[in-house]
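Working notes, beginning with the structure itself.
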Amino acid sequence: MNWIRDILKGAVIGIANIIPGVSGGTMAVAMGIYDKMISSVTHLFKEFKKSILFLLPVGIGMLLGIVGLSMLIEWMLDKIPIQTNLLFIGLILGGIPVVWNRVKGASIRPQHIIGCLVFFALVVVLAVMDGTEGGAADLSFGLVNCIKIFGIGIVAAATMVIPGVSGSMMLMLLGYYNPVIETINAFVKALVAFDVQGILNGCGVLVPFGIGAVVGILGIAKLIEILLNKFPYVVFWCIIGLILASPVAIVILNDFSGLDVVSGITGLIALAAGVLIAKALGGDSKEAGNTERNE
């Protein structure tokens, strides 16, 4: 049962990671597995069995969310963008109580408020900047491109791990979002059709990107673990700022001009569903409890 729940949580994190403006790290916090996920990554070799037993189902879920549902999410954003984006906002809002529990009861200090405001502003500024979408980014196979894609994977994965920061938005700013999504979808279609050439073409992009992603996650996870141990309240107030800014970023990055009565009502239903899903997946976690009172 725990494996099924962890796979579902991983799927939500995976889906979040492919949506510009939505943070996979935020969803991990919302569902109460962020600390455990970071700890499992940083202690992978020291506590291999324990780490793998946790990371494997979460990783399977993330893979299903990213690869298996990328086409569905692409279709939803194309056909029902308002409802889809409100669903994502609901998922984020539904996770706020889990994060709030990490700082509730502790005195609020100036550095906490400053951190919250700074990181709120950071996400909003990135969303306003938006960047030029790189539909024409070169993903053809070659040594230089492999190195470049490896580097993009490091940056994307590192930002995906940070709550409130959207790895997909970072890909968009770098000009690689559409090309990567299109490559994933083409790779899935090639697998289904047993198209060997298509599979090899996909591997030429996804393998260096995936290796870079692993390097990025391992590198940033250790840094985050150190910060959580030394400055837990400052970190979680910064995360609160990032999370509160994420719905704002979604609104800025997406077109809500088609909002009418029907889309408004169905959008509110989707928003409520997102809140309930986040609470259902994260509400039973005890992880969100006991931050050391050392700040």
Grab the two heavy atoms, one from [X] and one from [Y], that are nearest each other, plus how far apart they are.
X: Phe256; Y: Asn85; result: CZ-CB, 3.8 Å
X: Ala270; Y: Leu87; result: O-CD1, 3.4 Å
X: Pro208; Y: Cys203; result: CD-O, 3.6 Å
X: Ser263; Y: Ile82; result: OG-CD1, 4.0 Å
X: Val41; Y: Ala221; result: CG1-CB, 3.8 Å
X: Thr42; Y: Ser39; result: OG1-O, 3.1 Å

ILVMFWY network linking [X] to [Y], side-chain heavy atoms under 4.5 angstrom:
X: Leu259; Y: Met76; result: yes
X: Ile114; Y: Ile239; result: yes
X: Ile38; Y: Leu223; result: yes
X: Ile184; Y: Val214; result: yes
X: Ile240; Y: Val248; result: yes

Does some side-chain heavy atom of [Y] sit less than 4.5 Å from a side-chain heavy atom of [X]?
X: Leu44; Y: Ile52; answer: yes
X: Ile33; Y: Ile13; answer: yes
X: Phe187; Y: Val205; answer: no
X: Val196; Y: Leu200; answer: yes
X: Lys50; Y: Ser40; answer: no
X: Ile224; Y: Tyr34; answer: yes
X: Phe54; Y: Met37; answer: yes
X: Leu268; Y: Leu86; answer: no

Roughly how far, to the nearest 0.5 Å, is the [atom2] atom of [Y] from the [atom1] atom of [X]?
X: Leu64; Y: Leu8; atom1: CG; atom2: CG; result: 9.5 Å
X: Phe45; Y: Leu218; atom1: CZ; atom2: CG; result: 7.0 Å
X: Ser51; Y: Lys36; atom1: OG; atom2: NZ; result: 10.0 Å
X: Ile154; Y: Ile149; atom1: CD1; atom2: CD1; result: 12.5 Å
X: Asp6; Y: Met62; atom1: CG; atom2: CE; result: 12.5 Å
X: Thr84; Y: Lys79; atom1: OG1; atom2: NZ; result: 12.0 Å

### Message
Set out, in order, the CA-CA distance, both residues' side-chain angles and the distance that settles side chain to side chain contact (heavy atoms under 4.5 Å, CB included) for Thr183 and Phe209, then state yes or no.
### Response
CA-CA 11 Å; Thr183 300; Phe209 184 85; over 6 Å; no
### Task
Please step through side chain to side chain contact (heavy atoms under 4.5 Å, CB included) for the pair Asn201 and Asp195, ending with a clear verdict.
CA-CA 10 Å; Asn201 289 340; Asp195 176 4; over 6 Å; no
### Query
CZ of Phe48: more than 12 outside heavy atoms within 6.0 angstrom?
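No, CZ of Phe48 has 12 or fewer neighbouring heavy atoms, counting only those of other groups under 6.0 Å.
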### Task
Measure up the Trp100 and Trp237 rings against each other and bin them: parallel (under 30°), tilted (30 to 60°), perpendicular (over 60°).
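Answer is perpendicular, since the angle exceeds 60°.
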### Task
Start with the C-alpha distance between Trp3 and Leu56, add both sets of side-chain angles, then the distance that settles side chain to side chain contact (heavy atoms under 4.5 Å, CB included), and finish with yes or no.
CA-CA 9 Å; Trp3 266 60; Leu56 188 59; 3.7 Å; yes
#### Entry: Flag, side chain of Thr266 to backbone of Val262, donor-acceptor distance under 3.5 Å
yes
